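As structure tokens, the structure follows; a few thoughts come after it.
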There are 2 protein chains.
Amino acid sequence: MPVKDCKTEQLIKDTAKRIFITEGKMSATTQDIADAAGVNRTLLHYYFRSRDVLFNMVFKEALTKLRERLHEVLGSGLPFKMKVENLVNVFYEELIKSPYLETFIALHLNQHPDKYEEMFTGLPGGKERLKNFLKEIQSEMEKGSIAEMKPLNFFINLFALMAYPFVARPIYLKMFDLTDQGYNKILLERKKNIISMLFLK
Amino acid sequence: MPVKDCKTEQLIKDTAKRIFITEGKMSATTQDIADAAGVNRTLLHYYFRSRDVLFNMVFKEALTKLRERLHEVLGSGLPFKMKVENLVNVFYEELIKSPYLETFIALHLNQHPDKYEEMFTGLPGGKERLKNFLKEIQSEMEKGSIAEMKPLNFFINLFALMAYPFVARPIYLKMFDLTDQGYNKILLERKKNIISMLFLK
DNA sequence: CCTTTGTTTAACAATTTTGTCAAACATAAC
DNA sequence: GTTATGTTTGACAAAATTGTTAAACAAAGG
């Protein structure tokens, strides 16, 4: 008897991931995905039963991975500034692979408000690490290394500065006649920029 | 003979606008829109011929309005900091009505790279005002009122800090157990925060 | 070679979404 | 009231998308 061969299954999943969250084509059809993977569309149903199942699997896996990586950084016990620098590095690594993941999440949470409960409560201690990070932010303000504001605003600023440029790429390419390479260079330069925006030095 | 009565036409367009770019439901069907507007679906075709025409009309109108308002602020001749403050006010006003407009634009530019040429070259003098704004940013850096960086990065930071929190709202609601009202309050507080992030004072 | 198990395919069915049409309807002008 | 013009409706057709099935195929084990 032949051994299970999950090459094709994995190929389909990877392709779906690429189309949905790397290229941002969230309404790609099963045919689009099958074509991109170079397989018969029926295989998609054979391995995943329905488009919906595949879609949610891709969504869930990407979100879970991102959350785990951020969770780890938050719990790393490093000094605050290094922790933030790590956060930027890790988030950047994920954003390069999945620039549309956050948009994806936001739009879906918006349209299925209650559907994705477990994904946010999934990691034990997740909320605690978040709260703890907000406390660290608070105490850094008291130390004077970052500007005074609501800790949540510091948090939002951090993620805004990281995530937005990845999503808005097509706009800036058009607006300033940039090339993809030129924009990538700017994105990388921004890493330092983000830190210096957030810290008073 | 009866006079043309564009009430229904306008109702459909307004409803589509709300669903597409206020609520972010970009793949709403003609039936969804007709239901939300409380009219027969056929009317949508009667007035707009196809879903695609309606979709593009909504998209184009919202983008045109936003661009015109920003264009006006950029050309206002105000001192730099006041200009940026006005930009924040104007952009906020538009974002409150159309929080998903930028996502909408980014995703569509991404998927139809060449389709929306005129929309970006539309306003005469648009590119000039942009370039001029970048020069103003440059000269502010030399004056020392803002931190040193590539002017484009200052520009991206400004829009990141403004736009991202509107799109990411559903994420933060879940993540920090906030209410809509609570989040709105934070968004408003951010206006000042954004300015103080950008300026060295 | 035959069987078993898993893979792949094409043909088909079901569903969803979009688009069309002709007839009913409303109202203002005559 | 009749006519003309624009509006609204339901029934229908067309297209796109998803899902199912049975049969062909491939490879490993007996």
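The sequence lines fix the lettering, A, B, ..., with proteins before strands; numbering per chain opens at 1. Since this is a predicted model, take the numbers as computed values, not measurements.
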CG of B/L43 versus P of C/dC21: gap in Å, rounded?
17 Å

Mind calculating the distance between CG (B/L44) and C1' (C/dT17) to the nearest angstrom?
12 Å

Specify the separation, in whole Å, of atom CG of B/N40 and atom C1' of C/dT20.
13 Å

Taking the side chain as C-beta and beyond, is there a heavy-atom pair between A/F48 and A/E9 under 4.5 Å?
yes

Give the ring-plane orientation class for A/F80 versus A/F154, where under 30° counts as parallel, over 60° as perpendicular and anything between as tilted.
tilted

A/R49 CZ to D/dT18 C1': how many Å, rounded?
14 Å

Set of residues satisfying ring pair (Phe, Tyr, Trp, His ring centres under 6.0 Å) with respect to B/H71, sequence neighbours excluded
none

With the criterion being N/O to N/O and under 3.5 Å, what pairs connect the protein with nucleotides 13-17 of chain D, and how long is each?
none

So, using ring pair (Phe, Tyr, Trp, His ring centres under 6.0 Å) as the criterion, who are the partners of A/F159 when residues are at least two apart?
A/F91, A/F155

From NE2 of B/H45 across to P of C/dG19 the rounded distance in Å is 4 Å

Of all the nucleotides listed (D/dT8, C/dA10, C/dC21), which has the minimum atom distance to the side chain of B/T42?
C/dC21

Could you check B/L178 against B/I186 for side-chain contact (heavy atoms from CB on, under 4.5 Å), going step by step and ending with a plain yes or no?
CA-CA 10 Å; B/L178 300 168; B/I186 288 169; 4.2 Å; yes

Between A/F166 and A/Y92, how do the two ring planes meet: parallel, tilted or perpendicular, split at 30° and 60°?
perpendicular

It should be established whether A/T8 places a side-chain nitrogen or oxygen under 4.0 Å from OP1 or OP2 of nucleotide C/dT8.
yes

What class does the angle between the rings of A/Y164 and A/Y172 fall in, given that below 30° is parallel, 30 to 60° is tilted and above 60° is perpendicular?
perpendicular

Taking the axis from the first five pairs and the axis from the last five, what angle separates them in the helix from C/dC1-D/dG30 to C/dC30-D/dG1, rounded to 10 degrees?
10°

Phosphate contact (C/dT20 OP1 or OP2) by B/Y46 side-chain N/O below 4.0 Å
no

Check the angle between the aromatic planes of A/F104 and A/F20 and answer parallel, tilted or perpendicular using the 30° and 60° thresholds.
tilted

Between A/S50 and D/dT18, is there a side-chain N or O to OP1/OP2 distance below 4.0 Å?
no

Given D/dG6, is OP1 or OP2 found less than 4.0 Å from the side-chain N or O atoms of B/Y47?
no

I'd like to know whether NZ of B/K83 has more than 12 heavy-atom contacts from other residues, nucleotides or ligands below 6.0 angstrom.
yes

Whole-Å distance separating the CD1 atom of A/I12 from the P atom of C/dT7:
11 Å

Test item: A/N184 and A/R169 side chains (from C-beta on) under 4.5 Å apart, heavy atoms
yes

Going by heavy atoms closer than 4.0 Å, what residues in residues 16-28 of chain A are next to DNA chain D?
none

Side chain proximity check, B/P165 to B/Y183, heavy atoms < 4.5 angstrom:
yes

Roughly, in whole Å, what's the span from CZ in A/F48 to P in D/dT18?
15 Å

By salt bridge (Lys or Arg N to Asp or Glu O under 4.0 Å), A/R51 pairs with (sequence neighbours left out) none

Measure from CG on B/D52 to P on C/dT17 and round the result to the nearest Å.
16 Å

